[in-house]
Engineer: 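Here it is, the structure, as structure tokens.
Start at 1 and go down the list; that is how both ligands and their atoms are numbered.
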Amino acid sequence: MFHAIGSADGEEEKAEEDCPELVPIKTKQREEKEETSRPGAKIPVTVITGYLGAGKTTLLNYILTEQHSKRIAVILNEFGEGSALEKSLAVSQDGELYEEWLELRNGCLCCSVKDSGLKAIENLMQKKGKFDYILLETTGLADPGAVASMFWVDAELGVDIYLDGIITVVDAKYGLNHLAEEKPDGLINEASRQVALADIIILNKTDLVSEEDLSKLRTTVRSTNGLGKILETQKSRVDLSSILDLHAFDSLSISLQRKLQNVPTTQPHLDQSIITVTFEVPGNAKEESLNVYIQNLLWEKNVRNRDDDCMEVIRLKGLVSIKDKPQQVIVQGVHELYDLEETPVSWEDDSERTNRLVLIGRNLDKDILKQLFIATVTETENQTTHFKEDQVCP
Ligand SMILES: Nc1nc2c(ncn2[C@@H]2O[C@H](COP(=O)(O)OP(=O)(O)OP(=O)(O)O)[C@@H](O)[C@H]2O)c(=O)[nH]1
Ligand SMILES: [Zn+2]
């Protein structure tokens, strides 16, 4: 795991008292299940994000109340203003609001937290054996990158859990407005950031829009994130198997190569919008050179496009060939964090070795990014004038 100094410190320490103790409602059936859970197995965490009111809690409530065979621990974000559903979930037998772990009839656990989900997860991990999956809802304005980074950086958590994927719920009616919103400071708006980071994008509330409007939204979302899978729902009713166990961040995603091959470079659909860029460069890269390439983009931020705007990479995914490594290597990046991980798959022969990268972000120029990567593989000087070592972007 590589991360820039000072990049992804969590806002921990706050939610200690939010999730004190589990309400014990033990059943015989549950105890039998506990015995069957494998000791030492890592628990997947799926982060659920999406703009205010998009349908995140609706999705979690659906999962909490539906009958399924999974034992899922759900961490809801702070109670929204007057959301009846959220409150009803958190009401105890004597009608008082609780902020603690509740064990539900279908095997799920539930908790609501105020600030960072990190403490809640630490508390939750003490109840190991009672669940096999964690779903975490972020607040509507959250940058899911920060939440996702938390699972990468926190080594103590890392031994028990892993980030399975990021789901972004988009409001079909207001999603386009949210995506087009211009921030006065020129920063990328939250809605776009959330879509850019997603492995799964759920276009929810399709009952409220015409097929024409839905199609516009679909096109815009696709142009932002060419990699994520798009699902369409009403009341966030989605087949659980299509959103869980994605292994989006680890080397178990063996189908990654095939998946990456089908990702096209997209055209911007909104001013200043985020796009997806993909390219392939044959050959091997030295590990150090590859690190420099990625770090220039994610840390140094000294790569610019033709208009001299800084390239901002939000998500990076790729399959690369590293010199002297027989196995294919996955590269994953979220904001300033990235990771290189060997897959169990070996390159068959040298002629097959290639690097395929997918970058999602703003001001990206495919030709420049590719040219810089070719220089990385061939170990030639950076010919491009768009690489400015001494000019760091704000
Ligand atoms: N018409 C319609 N309404 C929906 C649908 N899904 C959710 N809603 C409603 O939209 C409102 C917001 O849903 P929530 O699930 O609370 O949204 P959220 O993303 O958790 O919202 P915050 O946590 O406040 O950011 C609720 O009143 C839901 O009942 C849908 O498919 N169609
Ligand atoms: Zn909510």
Engineer: Show me the donor-acceptor pairs within less than 3.5 Å that the side chains of residues 194-206 make with the rest of the protein, sequence neighbours left out.
Structural biologist:
unit_1: Gln194; atom_1: OE1; unit_2: Tyr51; atom_2: N; d: 3.1
unit_1: Gln194; atom_1: NE2; unit_2: Thr49; atom_2: OG1; d: 3.4
unit_1: Gln194; atom_1: NE2; unit_2: Gly140; atom_2: O; d: 2.8
unit_1: Gln194; atom_1: NE2; unit_2: Ala142; atom_2: O; d: 3.1
unit_1: Asp199; atom_1: OD1; unit_2: Arg315; atom_2: NH1; d: 3.2
unit_1: Asp199; atom_1: OD1; unit_2: Arg315; atom_2: NH2; d: 3.1
unit_1: Asp199; atom_1: OD2; unit_2: Ile166; atom_2: N; d: 2.7
unit_1: Asn204; atom_1: OD1; unit_2: Thr233; atom_2: OG1; d: 2.9
unit_1: Asn204; atom_1: OD1; unit_2: Lys235; atom_2: N; d: 3.3
unit_1: Asn204; atom_1: OD1; unit_2: Ser236; atom_2: N; d: 2.8
unit_1: Asn204; atom_1: ND2; unit_2: Ala54; atom_2: O; d: 3.0
unit_1: Asn204; atom_1: ND2; unit_2: Ser236; atom_2: OG; d: 3.3
unit_1: Lys205; atom_1: NZ; unit_2: Gly53; atom_2: O; d: 2.8
unit_1: Lys205; atom_1: NZ; unit_2: Asp171; atom_2: OD2; d: 3.2
unit_1: Thr206; atom_1: OG1; unit_2: Thr233; atom_2: O; d: 3.3
unit_1: Thr206; atom_1: OG1; unit_2: Gln234; atom_2: NE2; d: 3.4

Engineer: Using every non-hydrogen atom in the two residues, find where Val281 and Thr354 come nearest and quote the distance to one decimal.
Structural biologist: O-OG1, 3.3 Å

Engineer: Would you call Asp365-Arg306 a salt bridge at under 4.0 Å N-O?
Structural biologist: yes

Engineer: Test of understanding: clusters of I, L, V, M, F, W, Y form through side-chain heavy atoms closer than 4.5 Å, transitively. Do Val169 and Leu231 belong to the same one?
Structural biologist: yes

Engineer: Need the ligand 1 atom indices (1-based, order shown) with element for anything under 4.0 Å from a heavy-atom of Glu137.
Structural biologist: 20 (O), 23 (O)

Engineer: Numbering the atoms of ligand 1 from 1, which are under 4.0 Å from a heavy atom of Asp207?
Structural biologist: 1 (N), 2 (C), 30 (C), 31 (O), 32 (N)

Engineer: Scan Ile374, Leu297, Leu357 and name whichever one has a side chain to side chain contact (heavy atoms under 4.5 Å, CB included) with Leu369.
Structural biologist: Leu297

Engineer: As a test of reading the structure, name the N/O/S atom of Glu137 that is nearest the Zn ion (ligand 2).
Structural biologist: OE2

Engineer: Please check if Leu64 and Leu240 belong to a single hydrophobic cluster, counting links between Ile, Leu, Val, Met, Phe, Trp and Tyr side chain heavy atoms closer than 4.5 Å.
Structural biologist: yes

Engineer: Please name the residue in the list Ile230, Leu227, Thr276, Thr266 that meets the side chain to side chain contact (heavy atoms under 4.5 Å, CB included) test with Arg222.
Structural biologist: Ile230

Engineer: Relative to the heavy atoms of Gln234, which atoms of ligand 1 are at a distance of less than 4.0 Å?
Structural biologist: 31 (O)

Engineer: Is it the side chain (CB and beyond), the backbone, both or neither of Thr206 that lies under 4.0 Å from ligand 1, heavy atoms counted?
Structural biologist: neither

Engineer: Can you see whether Tyr133 engages Asp245 through a side-chain donor-acceptor pair at a distance of less than 3.5 angstrom?
Structural biologist: no

Engineer: Could you say whether the N/O atoms of Asn204 and ligand 1 ever approach to under 3.5 Å?
Structural biologist: yes

Engineer: Has ligand 1 got any nitrogen or oxygen that is less than 3.5 angstrom from a nitrogen or oxygen of Leu59?
Structural biologist: no

Engineer: Any nitrogen or oxygen of Lys205, side chain or backbone, less than 3.5 Å from one on ligand 1?
Structural biologist: yes

Engineer: Can you find a non-hydrogen atom of Gly50 under 4.0 Å from ligand 1?
Structural biologist: no

Engineer: Only heavy atoms count here, so choose which of Leu203, Thr57, Thr58 is nearest to atom 13 (O) of ligand 1.
Structural biologist: Thr58

Engineer: Could you tell me which non-hydrogen atom of Lys366 sits nearest to which non-hydrogen atom of Thr265, and how far apart they are?
Structural biologist: CD-OG1, 3.5 Å

Engineer: For Leu208 and ligand 1, does the shortest N/O to N/O distance drop below 3.5 Å?
Structural biologist: no

Engineer: Can you tell me if, anywhere in Thr57, an N/O/S atom lies at a distance from the Zn ion (ligand 2) that is smaller than 2.8 Å?
Structural biologist: yes

Engineer: Could you list which atoms of ligand 1 come closer than 4.0 Å to a heavy atom of Leu52?
Structural biologist: 25 (O)

